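Reading through the C-alpha cells given below for one structure.
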Amino acid sequence: MSSQSIETIAAAMVAEGKGILAIDESSPTIKKRFDSIGAECTEENRRAYRELLIAGDDINEFISGMILYDETIRQATGDGTPFPKLLASRGIMPGIKVDGGAKDLAGHPGEKVTEGLDGLRDRLAEYRELGAPFAKWRAVITIGDGLPSRGCITANCEALARYAALCQEAGIVPMVEPEVMLDGDHSIERCYDVCEETLRALFAALYDQRVVLEGTILKASMVLTGNKCAKRAGVEEVAERTLRCLKNSVPAALPGIVFLSGGQTPVEATAHLNAMNAMAGELPWKLSFSYSRALQAPALAAWNGDPANGKAAQAALRHRAQLNSAASLGHYKESMETAAA
Ligand code: 13P
C-alpha cells in the first residue's frame, strides 16, 4: 500500500506519455462486450480476460494505472498473484470504480443520477487496504430535447464532489467523471454548451466540498457532434472546441484531464487526443486518455474468447496503448496504425 500524497499520485497518473486503461466494466456491461464476440460471461472468463489485459508485456511504458471493478480487484492470476499486487509490481496503479451505477433521477424523465455514497467511507478504507491509490465515479449527463436539466447537473455534481472529498479523506485520488453522452442528433455547439455548463457546476461543487484540486483528476468527455447527427465535425474542430471548453471551465491547479472514449472508434479517440496535444502549446494540465472501449476493442476482437489468442490480444492492446501514448504527446500519425503491432 502506497503512502504517497494525493498530489504525487495524481501527478503520476498523468506522467509524461502515459494514460489510464479502464477495465472497470460492471458485470452487465462486460456481458454486453462478451456477447459481441460470442464469449460466455462466467466469472472465470472475466478473470481470464482481465488477466490478459493486466499481464501484457511492457504495457507500463504507456499505462500509469488501470481502473478495476470490485470483482476484479479481488481476483488473481492463474498462478495466484492478486491483480493489484501484480499491477503494483509492474509500476501500474490499481484504481477502483466505486460508484453504484447511474439510476433514474426521480422527477426527471430520461435523466440519471449516480448512486453509491452510502457506506462509501468504509468501502474506500477497504479499497485502500486492497492497494488502490485512486478511484473513479462516473455521472451520466444526457443531451436531448430540453435536457439536461439543471436539477440533473446539480445532483450529479454534488454527488461527485461528496465522493471526491471522501476519497481524499482516505488518501485516495478521486477521478471525477461527468460523462456527457454522445447519443443523440445534437450539434457540436450544443455539446459544447452542455460540457461547459457541467464542468463549471462540477468545479463549483468541488470547491464547496473543499476538494483539493492538486489531488484530483478529471475524466472528461470530448466536445463532439451527436452520433445521430448527419453532419459530424472533423478532428481539428473537435480538438479546437474541446480545448476551448476546458480552458473556460477547468482550473489550472488540476494536474491532469484524461478523456473517456464514449463510443468513438479507437482511431477517432486517438486522433482527437493527438490533435489537441499537437495544437495546444502550453497548457496548465496534462491531456491524456482513460479509455475502455477505444483501448480494449482490438484486444477483445483478437482474443475472441479463445485462450490460444492471448498473445495476439496482448499485442493488440499494447499497440493501441502505444498509439495513445504518442497522442498524449502530440506525436501520433495515422501511418502508425498500420505499423506492426
Ligand atoms: P469508454 O472509454 O468506453 O467510454 O469507457 C470509459 C469509462 O471508464 C466510462 O466510465
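Whatever order the structure lists them in is the order used to number ligands and atoms, beginning at 1. This one's a predicted model, so the numbers in the text were calculated from it and none came from an experiment.
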List, ordered by chain and residue number, the protein residues whose closest non-hydrogen atom lies under 4.0 Å from any atom of ligand 1.
-> Ala22, Asp24, Lys136, Arg138, Glu177, Lys219, Leu260, Ser261, Gly262, Ser290, Tyr291, Ser292, Arg293

Establish, from distance only, whether the side-chain atoms of Ser325 and Glu61 form a donor-acceptor pair under 3.5 Å.
-> no

Check: Arg46 side chain, Cys41 main-chain N or O, donor-acceptor pair, under 3.5 Å | yes

Ala327 to Thr270 - nearest heavy-atom pair and separation = CB-O, 3.5 Å

Test: Arg244 cationic atom under 6.0 Å from Tyr192 six-membered ring centre, within 45° of axis | yes

Residues passing the salt bridge (charged side-chain N to carboxylate O under 4.0 Å, His left out) test with Asp35, sequence neighbours excluded, are Lys31

Any side-chain donor paired with an acceptor under 3.5 Å for Thr216 and Gln168?
-> yes

